[in-house]
Amino acid sequence: MGSMHSEGKIEFKAYDTDGDWRMVETIADVRLSLMDILRSNGFYIKGVCGGLAICGTCLVKVISGAGELAPPDDDEAAMLEMLPDAGTGSRLACQLPLSPAMNGMIFRLQNYA
Ligand code: FES
């Protein structure tokens, strides 16, 4: 008993590259990335490197709430630097562990085909 407090439910909104959106509801679990949870909710993310921060195909834009996320580490920052489509609020979905801070955020997949 008493574990309920540590399993915060998080809910956020995500747009695919066509502009369609849906709400994603999950629990905060740092073993899962934003890429994992978007995929399991039916979003298509190429993610060819499987989460190693070396392909850039999981690019998402944080439309609302970017400031609540921990800043990119060196690997993510280096990859973002190489992506012409990366701009303010762009992140690699594979490098973002699910966290309660994502509650209420809005993401848009940028996704290289
Ligand atoms: S899946 Fe390759 S950088 Fe995220």
Side-chain angles (χ1 to χ4, degrees):
M1 294 295 161
S3 65
M4 289 177 69
H5 292 291
S6 56
E7 295 182 4
K9 220 199 298 178
I10 58 178
E11 196 179 20
F12 55 81
K13 185 175 185 176
Y15 288 85
D16 66 20
T17 49
D18 293 328
D20 295 327
W21 63 270
R22 78 188 78 117
M23 297 304 294
V24 174
E25 198 181 304
T26 182
I27 57 164
D29 183 342
V30 293
R31 292 166 302 180
L32 294 175
S33 68
L34 178 64
M35 178 167 88
D36 294 329
I37 207 71
L38 287 171
R39 278 177 161 173
S40 65
N41 278 270
F43 287 92
Y44 173 71
I45 298 184
K46 200 168 183 189
V48 291
C49 78
L52 299 175
I54 56 173
C55 75
T57 58
C58 65
L59 191 67
V60 297
K61 193 171 191 76
V62 188
I63 295 175
S64 174
E68 304 295 319
L69 296 170
D73 65 14
D74 290 349
D75 290 343
E76 183 183 359
M79 188 69 240
L80 289 170
E81 193 113 328
M82 288 164 44
L83 299 173
D85 286 358
T88 307
S90 289
R91 298 297 299 263
L92 299 178
C94 72
Q95 298 300 302
L96 295 175
L98 286 181
S99 87
M102 288 175 175
N103 216 1
M105 284 192 185
I106 304 175
F107 299 98
R108 180 164 54 77
L109 274 63
Q110 293 188 262
N111 229 8
Y112 291 94

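Atoms within each ligand, like the ligands themselves, are counted from 1 in listed order. Remember, it's a predicted structure, so these values are computed and weren't measured experimentally.
- Taking the ring centre of Phe107 as origin, the terminal cationic atom of Arg91 falls outside the region bounded by 6.0 Å and 45° from the ring axis.
- Close approach of ligand 1 to Gly51 is summarised as follows: ligand atoms under 4.0 Å from at least one heavy atom of the residue are 1 (S).
- With a 4.0 Å heavy-atom cut-off, ligand 1 is reached by the backbone of Ile54 but not by any atom from C-beta on.
- Close approach of ligand 1 to Cys49 (heavy-atom distance below 4.0 Å) involves ligand atoms 1 (S), 2 (Fe), 3 (S).
- In summary, Cys94 places an N/O/S atom under 2.8 Å from atom 4 (Fe) of ligand 1, meeting the contact criterion.
- Note that the CG atom of Leu80 and the CG atom of Asp75 stand 11.0 Å from one another [nearest 0.5 Å].
- Those atoms of ligand 1 with a heavy atom of Cys58 less than 4.0 angstrom away are 1 (S), 3 (S), 4 (Fe).
- A distance of 8.5 Å separates CE in Met79 from OG1 in Thr57, rounded to the nearest 0.5 Å.
- Distances shorter than 4.0 angstrom occur between a heavy atom of Met35 and an atom of ligand 1.
- To the nearest 0.5 Å, atom CG of residue Leu69 and atom CE of residue Met102 are 5.5 Å apart.
- Here the side chain of Glu76 pairs a donor or acceptor atom with the backbone of Leu92 at under 3.5 angstrom.
- Residue Met79 does not touch ligand 1, judged by heavy-atom distances below 4.0 Å.
- Cys55 lies apart from atom 4 (Fe) of ligand 1 in this respect, since none of its N, O or S atoms is found at a distance under 2.8 Å.
- Each of the atoms 3 (S) of ligand 1 lies under 4.0 Å from some heavy atom of Ala53.
- Trp21 and Tyr15 have tilted rings, their planes meeting at an angle from 30° to 60° on a 0 to 90° scale.
- Rounded to the nearest 0.5 angstrom, Asn103 CG and Thr26 OG1 are separated by 11.0 Å.
- Atom 3 (S) of ligand 1 has as its closest protein heavy atom Gly56 N, 3.3 Å.
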